[in-house]
Structures are given as structure tokens and as C-alpha cells.
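Protein chains get the first letters and strands the later ones, always in sequence-line order, with residue 1 at the start of each. Keep in mind that what you see is a predicted model, and the values were worked out from it rather than measured.
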Amino acid sequence: MARKETDYSKYLRLEYIPHIWCPGCGHGSIMKSIIRAVDALGLDKDKTALVSGIGCSSRIVGYMDFNTLHTTHGRALAFATGIKMARPELNVIVASGDGDATAIGGNHFIHACRRNIDITLVVFNNFIYGMTGGQYSPTTPIGSYASTSPYGNIDPSFNICRLAEAAGATYVARANVYSIAQADNFIKKGIQNKGFSVIEVITHCPTYYGRKNKLKTPADNLRWQKDVSVSIQKAKKMSEDELKGKIITGEFVNKTEKEYTQKYEEFVIGKAQGKI
Amino acid sequence: MKVKESKFISGNEAIAYGAIAAGCRFFAGYPISPSSEIAENMSFLLPKYGGKFIQMEDEIASIGAAIGASIAGRKSMTATSGPGFSLKQENLGLACMAEIPLVVVNVMRGGPSTGAPTSPAQADILQSRWGTHGDHPIIVIAPTMVQEIFFEIVRAFNLAERFRNPVVFLIDEINGHMRAKVDIYDESELELWNRPKPENPKGWKTPYKRNEELVPLMPDFGEGARFNITGLDHSETGFPTGDPKVRQQLHYFLRDKIEKNKDKILKNEYMEVEDAEIIVVAYGSTARSAMRAVEVLGEKGVKVGLFRPITIFPVPEEDMYRVCKNAKKIVVPEMNLGQYILEVERVMKKQMPIVGVNRTDGEPITPEQIMEAIKD
Ligand code: SF4
């Protein structure tokens, strides 16, 4: 089926492009994926807020024509929570990197999942801190090289989707830049979910992660994504051994639970004002 | 002015009632002594007025959420004590840089580190001015009495909104927990300020275009202007810039927004300062002991007066100098090892002896201690 052509310029601040990302960086693909999801849903740009923290992926906010907020490292979800509480009618999307979301912002990540507040978090997972020069992150695979793991990384990684699921997010999915159409679909469903959604998109940093780990060209990185990815359906039939080093893609959680700001309106304001 | 009700409440509670009267409709906090009653009272009061309260996962998140809510149009507040104030500093800087109205209460306790969680101190005076990194504009208010706390928190919101700047509100364990009869006033009885905005926010592209007070005309998120807010150096559009001229100009604007509007921000109280030979400069709960000392010695014929800055930053340089220049001695009591005294020395150019009365043992400074220093 032919995909409907998206007019990207409708969602971009073209006057600020070219962007700062390196040639071949995967982040632009995710930005376009977010645009396709927003476009397909017909979201009102005036009623959409995009919030980010610090890092390469976080620079996305400057280029997108929404209500955009570039905050401090790791804290985007806290700011987004305040925005959503203040104006529940806004669609709130947060863009974050692996370090931003799960290292310095790890506490905010699990608590946003727990509250089930209606925010859609897109994690750009490239296994590295790009902005600061390629240091290892909480998702860097064991044995990988980074500017702070010159002898190979020994830290076990977070599985972002399992973390989100355990913490209570009501929509959790993983895609990659190689099969980006899947990300469009997941981001769309995440925005539609009235609750906290986490969409992890595996992306690549050819400049640092790639260069240090024998994935020099963007094409090498995409090929690697293709090779290590296994769909959730297929993974169910595989043994633990077979799954070693693989990255499972697909939908992990898709459930309905009462959303936080609705609960506040109904239970807290309702009780305080003697309506219930 | 018509009193809505009179209540026998603590300073912490007066903050909650005053904030509601000022139009505060969002609070995010995290439990910490001795400020927790502010969060407790806000959690009870806010939903009655259709406002929202949230207890966040930590101090950093709670100031973040408060800034977010302010960006989305709510008058917002967070409250904490010593260690929590340290944790909030980075995001406080973001609010200064992005020019987001916000009130941050710090019910001071002893430090450094965990220090003395339930004992009074005025430990964070210089941190309240210089806590976050980088040159930044800030307004700091340090009231004394419980009724005054009610009015001053209203003023804190007004200044935060009018100048689109965080206001740090300093009390301590003494006036935070001290109870007194407080007259509560309704919103309609108070002069309230709202943040400056463009007349028609729809399509507004220059969130950092300034009014005659140098304050940006920024719409709220969701009002139909889609612009960018960042902690990076930015131009009038809110987009990051590397242009040295624009960056320098931004930093000057941030400074001048407070410096050039000092007359609208400063507030002092004077007691017996005319032909006083000795002047006590005191703020916050310590000023209460200073008042007593001045009263007692005044009755005995000692020519002593009190200069009490209520806005302690920006420093009321001209007022302080004018009032104190003829004094033969200045006494600065504070529950720290000498913080605001550095400002007094700077302003008075050490023209006369300037002596501190200090303690950090968790006990309040008594009128007797101040009297001794006056007589010495
Ligand atoms: S450093 Fe890496 S993540 Fe950052 S823009 Fe360059 S390629 Fe992308």
C-alpha cells in the first residue's frame, strides 16, 4: 500500500535548518517518524507541546513547529508533567536520549511510568552519549567501546522497554531506524494511548558509537540494526541462548488504565469541592 | 481591605494561604523538614480552587514540574529546605534564563549537608543569590512576622509574574513554625499582577521581545503561539544562537531587568534610624530579636535604629547607604557565620566598624546578644 505523502515542511521550522546533527545520524529519521505520526493523527500544532532534555536527540525541539521546550539534562519528563497537569488538553510528547532518559533522568522515567500521566516519551537509543563525545551510557552493550570505556564496557545495560513495563507504563514498544515505518505506527499508538507511553527507537551514532565499534558508515549501522533485531513474535519461539545479543522489536504493553490528570480532576478536585 | 477570615496559623501555613490568594494554582513539592507543612497545606487547598498539587519523585522534579506548569500558564510554586534548595539550583537557573515566573520557598535550616533539619538557621542567604551557576537575575524576599509572610508571598508572586523571574522566598524554622493570628484576604481584595503577554498571542514568533520594563512578552503554551524555550543562549525568537552580540545583549537584559526596576522590587522597613548612632541591619526572623533590642535600648536613651531589608536581593544599596552613612557602628545579626554582612561591608565601604552577631548552633539569636553587640 502506498504511503500517503507527508508534507514535512508543515511541521518543521525550516528557517533553523540545516540541523546540528552529523551527516548519517539516525535522529533525523526519528524526527520524520514523529512528524508522520502527528500528521496521521491530525494533531493541532497549537495544542501540541514537545519537550526535551539535553543531548543530541534533545535538539529536535528547535526544529519542530510545536510549543517546544528544551530543558535541563534528564529532567524533560518533570517539566512535561507540569505542563500536562496545568493544561491537560495539550498533547505532550517528550524526546529523550538513552543517557538523558535512563541515567540522569532514570528516576523521572520510572515515576512518570508509575503515574500513567498522558505523555508520550520517544527514547532515541543510540547506546552512547553523542553530544559530549561518545561516553558509555546505561544501554551501551557489554564489551562495546566508548570514550570512557577504552578497554570495553563492563556495565550491564538497561532494557528500556522492560523497565517501562515494570514501572507501569501503559503503552510500551520498540522499533528501529532501519524499519522506521514501524516506529511511525508505535508513536501514533503511543500518542493515542490516554496514559504514559514509551516508544524506544534504536538509532545510531556513526560519529562516536559507530566509529569505535566497527560500524563506521551509516549503512553499517543500519545493517547491524537489521541483523540484531528480532520481532516479538519470532522471539517467543527462541531460546534464551538464541536471543543473546538480539534486540526484540514490537509492542510489549498496550493496556488501558485510568490516566493521572483525569484521576486528579475526578477524585482529588471532586472530593475537595464536595462533588463526590 | 476586607478580611476574609482570621486564622491562628504558622508561617508555613501563611505561605499556603497567601499563595492561594495570590492566584497560585500549581504546586509541586517533595517532603523535607522544616518546610513540609507548605506542601501539606497546598495539597489540601489547591484542589478546592481548581488548582493542582503534585508530590514529585524528588526536589529536582518538583521545581521542573512547577516551571512546566508556569510555562503552561499557571502561577506556580515549589517549597523546600536547605538540601532541597541545593538540589533545585540547576532548574532554578533554567527559570532565570528562560524567564519563567516562579516562586521558590526555602524554609532554611542548618547546614552544610544534612546539618540540623529541625533547627533554625539563615544558612542559605548567599546561596539564594548565587546558588545556580552563571550570572543570573534573582529576587530574594526574607520576611519576618507571620502576617507579613502572608502579604510578602503575595508580593513574591506579583514580582515573579511582573518580571518573569523566579523569586526566592526565605523564611526559617522559627517564623516557618511560629504561630500567630493572621488575617487572610481574598484575591479580590489584593493588588495582583499577571505576567506580561503580547496582546494577540496567536502566531507570536518573538517570545523574548521585551516591554518597557525589559520583560519578555511571552504567551503561555497552548495559546496559539508556537515558539521555543531553551536554557541555551537564545535570540528574541527563543532559538539558540551563537552570535556573540545577541548573547551579550541577552545577558545584559537579564541583569538590567532587575537592576533597572529596583525601585519596584525593593522594600525596606526602618525603625528609629533618624540620628541613630548605631544601626542594626537585620532580616528574616532575626530581625524580630533586633526590634526588641532596639526598643529596649531606645527606652534607655541609646541612639540605635534598625534597617530591615525585606527584599534582600537585589541589595537595597542606595537605601542602606543613605540610612547608615552617619552611623558610628553597624551591627549585623544573622544565624550563619556572616553572609549578608559581606553585602553591608560592600555597600558601606567599611566606613565604620561593621560587626556581626552570629551563631550556627541551632538556637535563635536573642535580643540580649544583639544588645551586647550594640553596647560593645
Ligand atoms: S554525535 Fe552521534 S548522536 Fe550526535 S548528532 Fe552526531 S551522529 Fe548523531
Inter-chain donor/acceptor N,O pairs below 3.5 Å: chain B to chain A:
{"residue": "B:P47", "atom": "O", "partner": "A:Q273", "partner atom": "NE2", "Å": "3.0"}
{"residue": "B:K48", "atom": "O", "partner": "A:Q273", "partner atom": "NE2", "Å": "3.2"}
{"residue": "B:K52", "atom": "NZ", "partner": "A:M85", "partner atom": "O", "Å": "2.8"}
{"residue": "B:K52", "atom": "NZ", "partner": "A:E265", "partner atom": "OE2", "Å": "3.2"}
{"residue": "B:F53", "atom": "N", "partner": "A:Y264", "partner atom": "OH", "Å": "2.8"}
{"residue": "B:E57", "atom": "OE1", "partner": "A:R115", "partner atom": "NH1", "Å": "3.3"}
{"residue": "B:E57", "atom": "OE1", "partner": "A:R115", "partner atom": "NH2", "Å": "2.6"}
{"residue": "B:E57", "atom": "OE2", "partner": "A:H108", "partner atom": "ND1", "Å": "2.9"}
{"residue": "B:D58", "atom": "OD2", "partner": "A:N107", "partner atom": "ND2", "Å": "3.3"}
{"residue": "B:A72", "atom": "O", "partner": "A:R87", "partner atom": "NE", "Å": "2.8"}
{"residue": "B:R74", "atom": "NE", "partner": "A:A86", "partner atom": "O", "Å": "3.4"}
{"residue": "B:R74", "atom": "NH2", "partner": "A:A86", "partner atom": "O", "Å": "3.4"}
{"residue": "B:N91", "atom": "OD1", "partner": "A:T72", "partner atom": "OG1", "Å": "2.5"}
{"residue": "B:K202", "atom": "NZ", "partner": "A:D46", "partner atom": "OD2", "Å": "2.7"}
{"residue": "B:F221", "atom": "O", "partner": "A:R87", "partner atom": "NE", "Å": "2.9"}
{"residue": "B:G222", "atom": "N", "partner": "A:N67", "partner atom": "OD1", "Å": "3.3"}
{"residue": "B:G222", "atom": "O", "partner": "A:K47", "partner atom": "NZ", "Å": "2.7"}
{"residue": "B:R226", "atom": "NE", "partner": "A:D65", "partner atom": "O", "Å": "3.2"}
{"residue": "B:R226", "atom": "NE", "partner": "A:D65", "partner atom": "OD1", "Å": "3.2"}
{"residue": "B:R226", "atom": "NE", "partner": "A:D65", "partner atom": "OD2", "Å": "3.3"}
{"residue": "B:R226", "atom": "NH1", "partner": "A:D46", "partner atom": "OD1", "Å": "2.7"}
{"residue": "B:R226", "atom": "NH2", "partner": "A:D65", "partner atom": "OD2", "Å": "2.9"}
{"residue": "B:F227", "atom": "O", "partner": "A:R13", "partner atom": "NH2", "Å": "3.4"}
{"residue": "B:F227", "atom": "O", "partner": "A:T68", "partner atom": "N", "Å": "3.0"}
{"residue": "B:F227", "atom": "O", "partner": "A:T68", "partner atom": "OG1", "Å": "3.2"}
{"residue": "B:N228", "atom": "OD1", "partner": "A:T68", "partner atom": "OG1", "Å": "2.7"}
{"residue": "B:I229", "atom": "N", "partner": "A:T68", "partner atom": "O", "Å": "2.9"}
{"residue": "B:I229", "atom": "O", "partner": "A:H70", "partner atom": "N", "Å": "2.8"}
{"residue": "B:T230", "atom": "OG1", "partner": "A:H70", "partner atom": "ND1", "Å": "2.7"}
{"residue": "B:T237", "atom": "OG1", "partner": "A:Y16", "partner atom": "OH", "Å": "3.1"}

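Of the residues considered (B:L46, B:I71, B:L232), B:L232 shows the highest number of contacts with chain A, using heavy-atom pairs under 4.5 Å. With chain B as partner, the option from A:I83, A:L77, A:V268 having the largest number of non-hydrogen pairs under 4.5 angstrom is A:I83.
Only the side chain of B:F26 comes within contact range of chain A, with heavy atoms under 4.5 Å apart. If you measure heavy-atom distances from B:P240 to chain A, the contacts under 4.5 Å come from the side chain alone. Of the atoms belonging to B:A98, not a single heavy atom falls under 4.5 Å from chain A. Both the backbone and the side chain of A:L69 come within contact range of chain B, each with at least one heavy atom under 4.5 Å from a heavy atom of that chain.
Residue A:F158 places its CZ atom among 12 or fewer non-hydrogen atoms of other residues, nucleotides or ligands, all under 6.0 Å distant.
Scanning for salt bridge (Lys or Arg N to Asp or Glu O under 4.0 Å) contacts around B:E199 gives an empty result, with sequence neighbours left out.
Taking every heavy atom of both residues into account, A:A49 and B:F221 meet most closely at CB-CD2, 4.1 Å. Closest non-hydrogen pair, A:A86 versus B:A72, comes out as CB-CB, 3.7 Å.
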